[in-house]
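Predicted, not measured: the structure shown is a model, and the values here were computed from it.
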Amino acid sequence: MTRFTIASFNVKNLIGADQEYYRFQSYTPEEYAWKVDWMADQLLSMDADIIGFQEIFEESALRDVITEADERGDALNSAVVPGRDKRYHRKAIFKKLGFGGYKKAGLAFAPNANDTGTPGQRRPGVAILSRFGFVEDPEVIQVLKEPLEIPFQALGGGDAGSYKVDRLSRPILKARIPVGDSEITVFTCHLKSKLGELDRPEGAEFAPAADLTSYDPIGRAMGALRAALRRMAEAWVLRREIVAELNLGRAVMVTGDFNDGEHAVSSEIISGEVPFKNYSWMLRHDAETPRDRYSAQEDAQIRSEMDRLRLTSAEKLFVRKSLRDMVYTTAFGGVHESIDQIYLSHHFAPENENQMGEMEYFSVLNDHLTDGSHPEAPYNKLASDHGQIMAHMRIGPAE
């Protein structure tokens with residue numbers, strides 16, 4: 001039996017000092033040092049075996065954080081983990097108190113293909129940190145080999161048009177990771193945000209709808225529509241990759257910032273359909289009479305195939321197991337919700353009789369999240385605006 005943890009961490013704009021990543025936004029050396037300090041503490045608290053990171057502009061900055069975490073971990077271990085000369089050094093509690101460290105870990109960074117390096121117009125990438133290393137070189141999915149063409153069905157005749165995507169707003173990083181005697185395909189992603197894609201005419205300094213002194217509700221609504229279409233398309237690209245892995249018989253875990261809640265359509269595209277309890281009552285797709293329904297055998301086949309290809313939210317498993325009523329990873333405008341997720345394939349589903357493992361616990365680090373809706377709440381712009389989530393997993397039979 002092997003126990004391990006997998007986490008997702010949107011760090012909020014990690015880049016070195018004195019570099020303008022977005023317009024007029026950069027860190028002084030002191031601010032950068034503070035951010036590295038805060039992130040290293042979060043890594044120390046999580047002590048996760050596998051971490052999917054989002055909003056990484058530079059690999060070197062992430063390595064600074066990891067190095068700082070390792071140095072603090074070494075100091076912590078010296079203070080709390082007894083040496084082999086102590087008769088009690090094998091006590092189980094010291095496994096929990098010690099920090100595993102990342103000196104021998106593998107780090108894969110996927111820079112954003114849309115990042116030109118122009119100050120003020122930078123674009124972040126994603127990364128995966130793995131104490132188990134990687135089975136093979138991780139794969140970056142962003143510039144599509146064949147553009148994704150999405151045709152729309154005509155309603156009442158005429159050309160319904162189509163929507164085409166040839167690259168994603170941010171990369172998806174795919175890695176095969178050895179865990180115990182098994183291998184798991186891990187994805188990390190950062191889907192398009194809800195921030196509207198506002199139309200800027202050629203030659204214009206800015207999009208007209210960006211001028212809030214001349215508020216354009218229709219133009220801004222169209223921007224939100226564009227962003228949603230892009231996010232849905234990116235979710236489908238990720239779903240295609242997930243299904244390909246599942247069809248190869250591989251266990252899958254997905255980490256990342258989905259920029260949507262669990263029940264949003266984009267999230268459901270990624271996770272797959274939840275089967276009905278019974279398809280025997282449903283009219284067949286090729287029905288010729290009102291009595292043409294799916295058979296009991298077909299019902300079982302349909303539900304089995306959907307379950308095989310479906311992912312389950314680790315957060316949902318935790319809430320169901322613990323009777324907890326709320327987990328949140330973001331706070332904005334007084335609304336607390338989860339847009340960061342860890343999804344697990346059927347290999348870890350509790351209802352699967354042939355499961356290879358299970359989730360034992362789920363952690364959320366969100367005490368730092370405030371959005372200004374409560375004047376008395378502390379706020380620090382250098383901390384992440386996302387909570388960190390971590391699933392505590394077991395592979396193999398229970399002890």
K.L.:
Step through the shown structure and confirm whether more than 12 heavy atoms of other residues, nucleotides or ligands are within 6.0 Å of CE on M46.
P.N.:
yes
K.L.:
For E262 and S267, which heavy atoms make the closest approach, and how far apart are they?
P.N.:
O-CB, 3.4 Å
K.L.:
In Å, rounded to the nearest 0.5 Å, how long is the span from OH of Y22 to CG of N13?
P.N.:
5.0 Å
K.L.:
Heavy atoms only: give me the nearest M359-A314 pair and the separation to one decimal.
P.N.:
CE-O, 3.3 Å
K.L.:
Any donor-acceptor pair under 3.5 Å linking the side chain of E58 with the backbone of G16?
P.N.:
yes
K.L.:
Closest approach of F99 and L43, non-hydrogen atoms and distance?
P.N.:
CE1-O, 3.7 Å
K.L.:
Does E31 pair with K35 as a salt bridge, N-O distance under 4.0 Å?
P.N.:
no
K.L.:
Would you check if there is a donor-acceptor pair between the side chains of S266 and D260 at a distance under 3.5 Å?
P.N.:
yes
K.L.:
Quick one: CD on Q54 to CZ on F9, what's the gap to the nearest 0.5 Å?
P.N.:
9.5 Å
K.L.:
Okay, side chain of N352, backbone of G357: is any donor-acceptor separation there less than 3.5 Å?
P.N.:
no
K.L.:
When the ring planes of H392 and Y361 are compared, do they come out parallel, tilted or perpendicular, using 30° and 60° as the limits?
P.N.:
perpendicular
K.L.:
Within the side chain of N114, is there an N or O that forms a donor-acceptor pair under 3.5 Å with the backbone of S169?
P.N.:
yes
K.L.:
When you measure from the side chain of T255 to the backbone N and O of I342, does any donor-acceptor pair fall under 3.5 Å?
P.N.:
no
K.L.:
Do R293 and D299 sit within salt-bridge range, that is, some charged N less than 4.0 Å from a carboxylate O?
P.N.:
no
K.L.:
To the nearest 0.5 Å, tell me how far L344 CG sits from L311 CG.
P.N.:
8.0 Å
K.L.:
Nearest 0.5 Å please: distance from the CD1 atom of I395 over to the CZ atom of F4.
P.N.:
4.5 Å
K.L.:
At their closest point, which heavy atom of Y343 faces which heavy atom of I270, and how far apart are they?
P.N.:
CD2-CG2, 4.1 Å
K.L.:
Any idea how W281 and F276 line up, ring-wise: parallel (<30°), tilted (30 to 60°), or perpendicular (>60°)?
P.N.:
tilted
K.L.:
Using the six-membered ring of F187, assess whether NZ or CZ of R239 lies under 6.0 Å from its centre and within 45 degrees of the ring axis.
P.N.:
no
K.L.:
So, does T185 use its side chain to make a donor-acceptor pair with the main chain of V252 at under 3.5 Å?
P.N.:
no
K.L.:
Would you say the side-chain atoms of D199 pair up with the backbone N or O of G219, donor to acceptor, closer than 3.5 Å?
P.N.:
no
K.L.:
Can a donor-acceptor pair be found, under 3.5 Å and without considering hydrogens, that links the side chain of H346 to the backbone of R308?
P.N.:
yes
K.L.:
Would you say the ring centroid of F109 lies under 6.0 angstrom from that of F53?
P.N.:
no
K.L.:
Short question: side chain of D292, backbone of T289 - any donor-acceptor pair under 3.5 Å?
P.N.:
yes
K.L.:
Between F152 and Y163, is a ring pair (Phe, Tyr, Trp, His ring centres under 6.0 Å) present by the stated rule, with each step listed?
P.N.:
CA-CA 8 Å; F152 290 92; Y163 177 71; 7.7 Å; no
K.L.:
For E197, which of R230, R220, R226 qualifies under salt bridge (Lys or Arg N to Asp or Glu O under 4.0 Å)?
P.N.:
R230
K.L.:
Looking at Y102, I'd like to know if the NZ or CZ of R131 sits under 6.0 Å from its six-membered ring centre while staying within 45 degrees of the ring's axis.
P.N.:
yes
K.L.:
Examine the side chains of S384 and H368 and answer whether a donor and an acceptor come within less than 3.5 Å of each other.
P.N.:
no
K.L.:
In this structure, which one of Q121, R122, R123, R170 forms a side chain to side chain donor-acceptor pair (under 3.5 Å) with D115?
P.N.:
R122
K.L.:
Salt bridge or not for D49 and R3, using N-O below 4.0 Å?
P.N.:
no
K.L.:
Let me confirm one number: the CG-CG distance from D74 to D70, rounded to the nearest 0.5 Å.
P.N.:
6.5 Å
K.L.:
For residues K12 and E55, report the shortest heavy-atom separation together with the two atoms involved.
P.N.:
CA-OE1, 3.2 Å
K.L.:
Would you give the length of the straight line joining atom CZ of F258 to atom OG1 of T329, rounded to the nearest 0.5 angstrom?
P.N.:
11.0 Å
K.L.:
For E288, is the CD atom crowded, meaning more than 12 foreign heavy atoms sit under 6.0 Å from it?
P.N.:
no
K.L.:
Strictly by modelled atom types, are N259 and R231 linked by a side-chain donor-acceptor pair under 3.5 Å?
P.N.:
no
